[in-house]
Amino acid sequence: MNRILTCFLYDQIMQEQSSTSPTVYYDGGCPVCTREIGLYQRQDGADQVCWVDVAHCAPEALGPGLNREAAMARLHMRRPDGTLASGAEAFTLLWRSLPRWAWLGRLLGSRLALALLEPAYRLFLVMRPLWRGRGSKR
C-alpha cells in the first residue's frame, strides 16, 4: 500500500516511516500532476516513498522549511536526511527512488542535465494553471 498522506494520518505515518524514506510533495488539485504522481505510485518501490498531497493536507504535513504556497507552486521532495529539493531535481530524485525509473534519474540528475531540465520544468509551470483550471471545471 502506498503511503498517501492525509492530514489525519501524517503524524502516525511519519513516526512509522523509516529514516531512509523520501517524501514527495505534490499538488493533488492539478489533474496533470495527479495523473503523473498516480503513475509513480503504481510502480515497484513506491511503497517506500511517503506521498503528500499538499492540496489536501494539514500545514504540519509539509514539515520544516516548506509552506503550502511553495509546495503548491512546484514539486518538492524531502530527502531522508530532511533536506528539500524542488523542480527538476526533485523529479530526478523521485525517479532514482523507483527501481524501474532509477536509470532515468541517474542519467538526468547531473548538473548539466538539470541545467537543461529546469527551464523545461519552469515552462510546464507556466502552462500548468491552464490544465489545472480545466480540471476544476469538470
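We number each residue from 1, following the sequence as shown.
In terms of hydrophobic clustering, with Ile, Leu, Val, Met, Phe, Trp and Tyr side chains grouped at heavy-atom distances under 4.5 Å, Leu116 and Leu108 are assigned to different clusters.
Residues Leu93 and Val24 form no side-chain contact, since every pair of their non-hydrogen atoms from C-beta on lies 4.5 Å or further apart. Inter-residue side-chain proximity for Leu94 and Pro22 is flagged as unmet; no heavy-atom pair is nearer than 4.5 Å. Put simply, the side chain of Met77 reaches to within 4.5 Å of the side chain of Ser97, judged on heavy atoms. In this structure, Asp27 and Arg128 have side chains that are in contact, with non-hydrogen atoms separated by less than 4.5 Å. Side-chain contact between Tyr25 and Asp53: absent, with no pair of heavy atoms (C-beta onward) separated by less than 4.5 Å. Contact annotation: the side chain of Trp95 never approaches that of Gln43 to less than 4.5 Å [non-hydrogen atoms, C-beta and beyond]. Taking 4.5 Å as the limit, every side-chain heavy atom of Thr23 sits out of range of all side-chain heavy atoms of Val49. A heavy-atom distance below 4.5 Å is found between the side chains of Leu84 and Leu66.
Under the rule for a side chain to side chain contact (heavy atoms under 4.5 Å, CB included), the partners of Ala102 that lie at least two apart in sequence or sit in another chain are Arg106. Here Glu36 pairs with Tyr40, Phe91 under the side chain to side chain contact (heavy atoms under 4.5 Å, CB included) rule; sequence neighbours left out. By the salt bridge (Lys or Arg N to Asp or Glu O under 4.0 Å) test, Arg74 pairs with Glu118, sequence neighbours left out. Residues forming a side chain to side chain contact (heavy atoms under 4.5 Å, CB included) with Leu107 (at least two apart in sequence, or on another chain): Trp103.
Closest non-hydrogen pair, Gly29 versus Thr34, comes out as N-OG1, 4.4 Å. Nearest heavy atoms, Ala71 versus Leu62: CB-CD2, 4.2 Å. Pro99 and Gly45 make their closest contact through CD-CA, 4.0 Å (heavy atoms, listed as atom of the first residue, atom of the second, distance).
Here the CG atom belonging to Asp44 is positioned 9.0 Å from the CG atom belonging to Leu98, to the nearest 0.5 angstrom. In this structure, the separation between OH on Tyr121 and CG on Leu114 is 13.0 Å, given to the nearest 0.5 Å.
Listed for the Trp51 side chain is a donor-acceptor partner under 3.5 Å among the backbone atoms of Ala46.
Within the structure, salt bridge (charged side-chain N to carboxylate O under 4.0 Å, His left out) pairs that include any residue of residues 83-103 comprise Arg79-Glu89 (at least two apart or interchain). Applying the ring-ring contact (aromatic ring centres under 6.0 Å, His included) test to residues at least two apart or on different chains, none of the pairs has a partner in residues 60-87. Residue pairs meeting the side-chain hydrogen bond (donor to acceptor under 3.5 Å, both in side chains) criterion with at least one member in residues 63-72: none, sequence neighbours excluded.
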